[in-house]
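Values below: all heavy atoms of this structure, side chains included; hydrogens, waters and symmetry mates excluded. Because the structure is predicted, anything quoted here is derived from the model rather than measured.
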Amino acid sequence: MNDSSNDETKSEIPAAAQRQSTWQEMCSSEDWWAVWIGGVILLVSFLAVYLTIPGDVSEQLANGEKVKLSSPLKPWIAKPGSWLRNPVKAFYVAGEKNVLPGLFGVFVLALGFFGFGLTVMGHSAAKFAVGFCGVFLLATLAYVLAGQEVVKYYSLSYALWAIVVGMIISNTIGTPEFMKPAVRTEFYIKTGLVLLGAGVLFSRLLVLGVPGIFVAWVVTPIVLISTYIFGQKVLKIESKSLNMVISADMSVCGVSAAIATAAACKAKKEELSFAIGLSLTFTVVMMVVLPAIIKAFGMSEVLGGAWLGGTIDATGAVAAAGGILGDKALEVATTVKMIQNILIGVTAFGVAIYWVTKVEQNDSGIKPDAMEIWYRFPKFVIGFVAASVVFSVLYSMLPGGESMVNAMVKDSTKTLRGWFFCLAFVSIGLEINFREFSKYFKGGKPLMLYVAGQSLNLVLTLFMAWLMFEVIFKDAIEKMAN
Amino acid sequence: MQSKKWRTSMPNATDRQSGLPNHKSGWLSLCLCVITMTIVWLLLLPALSHIPSLQAEIENQKARGIDASAMFYTDLDMMDEVLERLENARRKNPTALWLPSNQAELD
């Protein structure tokens, strides 16, 4: 890290005497409030499903049968849908959909939770409420832009449009003063990550057996660590956090990994935005080019699918590219990507530990003891990992747990997590100016890092997919595919 | 807590010293952006969607439950079906994807 960043890191860590106790932190820090809010939302969402299961269905669940459940919260939690020519259809289609009550529900819920948390942390609830109306409107606009069918087809998700919308405002008329109290990037992202934890279910790690683990969990960490070392030692990228965020989003799973890693290594907002832009650009190229290469070389659908799943960053783009090759490729690609998705929790935890024990230690010149590590550790990661562990256990151990966790995630927490990330990206856009942002394009080092890392990823993943799916487990895979 | 916050390289996005346009040209730039986006989203993109091959691809994705903008696997509706098929295959042969030597048994 360069000198200025070094100074910055040193000044960020207060002396031991100035620090709050863990108990005080739990009541006053944004990290802990993200854990509390995320935890309450998960608890309420799970109970909403658990307590409203019809009597006859309870018997089926107790017998281990799979039943499709739904959450009573579903009508009150929604986001704008897709549309082709008329954006009004994102909100309302006569006789088909009306997401307005759902938008209202999300608005009230987010305003209530974040407003309460900020009030306890000593901020003005009224000012937050006024600003939140503006930020929420911009987030809604970002969803509408992302919902256009052609935009959606090219995998350009709301994250990109939320940043763009925010940046347009901040770089033209400037972020309005009334909106600033609701520009709370870290708070929204960390709360969203706690909700994301409920979808990181460890039993799903094993669905493709040894081949899935080798393609997604052996290659990915090798690529992540190699790319990071290449960035530090060869390219000598000044910002370690930028290096880490790009390495993670390229090797793990795009935007969601970038968000988790950026929060874990306390990256700059500009760095997260830049990494997302880079990832989405290559995603669009790769989702078109890779299926063409796979077809041109006559690879099998299974091998092609595994290659796509292990290399294309964005989950949706993996599905789109797999779909071009065929049904088998689609299934293998999305399953490999799902197993990679699960790696987010381990990545975020590992990066957070590495940062507080190695990077911040080097920057501050002080070797941290256990208390120091605990103090510096980003606490929201605890919420993220705890949500993952708790819901993995409920999913696997509770009779009907699979149906209940699925209903909870699909009908409520997935949508809320999306909204919280969208609010965070709007906030990032509102805090960025083009001049600061453009400096990341100079010198081309981040671009070189991405290209070098992705090249290694493409080669290693192809080799491992070939070895696992075409050699060692060839017969088993063929039998299963038929 | 302030000390744990992400670093921001610019103190204030609306700071005049940062070289941002003045009030009048700022509003003008905003209007230009809004007009451009309106043209792209309401005219250009709907026009693109009339291209038969693109239209067919979009319909195909919809029919198969593929959301190309999905950020996480839980955002993909089609995953339920995929996981169920994998589960059924696993039930039929629990060790197929765990033991390479099991291939002989399969045959």
### Partner chain B: residue of Val210(A), Asn341(A), Leu206(A), Val150(A) with the largest heavy-atom pair count (under 4.5 Å)
Asn341(A)

### Message
If I measure from the heavy atoms of chain B, does Trp83(A) come under 4.5 Å with its side chain, its backbone, both, or neither?
### Response
side chain

#### Entry: Salt-bridge criterion met for Asp75(B) and Arg417(A) (N-O under 4.0 Å)
yes

### Closest contact, heavy atoms only, Met79(B) versus Thr334(A)
SD-CB, 3.5 Å

### Task
Begin from the C-alpha positions of Val151(A) and Leu45(B) and carry the test side-chain contact (heavy atoms from CB on, under 4.5 Å) through to its verdict.
CA-CA 8 Å; Val151(A) 173; Leu45(B) 291 172; 3.4 Å; yes

### Query
With only heavy atoms counted, which part of Glu57(B) is less than 4.5 Å from chain A, the side chain, the backbone, both or neither?
both

### Query
What are the two closest non-hydrogen atoms of Ser155(A) and Ala68(B), and how far apart are they?
OG-O, 2.7 Å

### Task
Examine whether an atom of Phe421(A) lies under 4.5 Å from a heavy atom of chain B, and if so say whether it belongs to the side chain, the backbone or both; otherwise answer neither.
side chain

### Task
For residues Ala320(A) and Ile66(B), report the shortest heavy-atom separation together with the two atoms involved.
N-CG2, 3.7 Å

#### Entry: Largest heavy-atom contact set with chain B, pairs under 4.5 Å, which of Ile169(A), Leu196(A), Val164(A), Val409(A)
Leu196(A)

### Query
For Phe72(B), does its backbone N or O pair with a side-chain atom of Ser256(A) as donor and acceptor, under 3.5 Å?
no

### chain B contact via Leu160(A) - side chain, backbone, both or neither, heavy atoms under 4.5 Å
neither

### Message
Can you tell me which of Met37(B), Met78(B), Glu84(B) forms the most heavy-atom pairs within a distance under 4.5 Å of chain A?
### Response
Met78(B)

### Query
Leu42(B) versus Arg85(A): any side-chain heavy-atom pair under 4.5 Å?
no

## Note on the structure
Taking every heavy atom of Cys33(B) against every heavy atom of Ile168(A), the minimum-distance pair comes out as CB-CG2, 3.8 Å

### Task
Please name the pair of heavy atoms, one in Arg64(B) and one in Gly326(A), separated by the smallest distance, quoted to 0.1 Å.
NH2-C, 3.6 Å

### Message
Heavy-atom pairs under 4.5 Å with chain A - which of Leu32(B), Val40(B), Thr74(B) has more of them than the others?
### Response
Thr74(B)

### Query
Judged by atom type as modelled, is there a donor-acceptor pair below 3.5 Å linking the side chain of Tyr73(B) to the main-chain atoms of Gln340(A)?
no

## Note on the structure
Between Ser69(B) and Ser157(A), the two heavy atoms sitting closest are O-CB, 3.6 Å

### Task
Under 4.5 Å heavy-atom distance to chain B, tell me which part of Glu331(A) shows up: side chain, backbone, both or neither.
both

### Message
Quick check on the interface: out of Leu43(B), Leu28(B), Asn88(B), Leu83(B), who has the most heavy-atom pairs with chain A under 4.5 Å?
### Response
Leu83(B)

## Note on the structure
Max heavy-atom pairs within cutoff under 4.5 Å with chain B, candidates Asn406(A), Leu330(A), Thr335(A), goes to Leu330(A)

## Note on the structure
If one checks every heavy atom of Asp327(A) against chain B at 4.5 Å, the contacting part turns out to be both

### Query
Going through the distances and angles, do Leu54(B) and Tyr153(A) end up as a side-chain contact (heavy atoms from CB on, under 4.5 Å)?
CA-CA 9 Å; Leu54(B) 186 61; Tyr153(A) 173 77; 3.5 Å; yes

### Query
side-chain contact (heavy atoms from CB on, under 4.5 Å) between Leu76(B) and Met338(A): does it pass, once the steps are laid out?
CA-CA 10 Å; Leu76(B) 285 171; Met338(A) 179 191 73; over 6 Å; no

### Note, Leu208(A) side chain near Leu86(B) side chain (heavy atom, < 4.5 Å)
yes

### Query
Does the side chain of Lys152(A) come within less than 4.5 Å of Ile58(B)'s, by heavy atoms?
no

### Query
Backbone N or O of Gln148(A) within a donor-acceptor pair of the Trp41(B) side chain at under 3.5 Å?
no

### Message
Taking the side chain as everything from C-beta on, heavy atoms only, tell me whether Glu149(A) gets closer than 4.5 Å to Pro46(B).
### Response
no

### Task
Answer with side chain, backbone, both or neither: which region of Val207(A) has an atom nearer than 4.5 Å to a non-hydrogen atom of chain B?
both

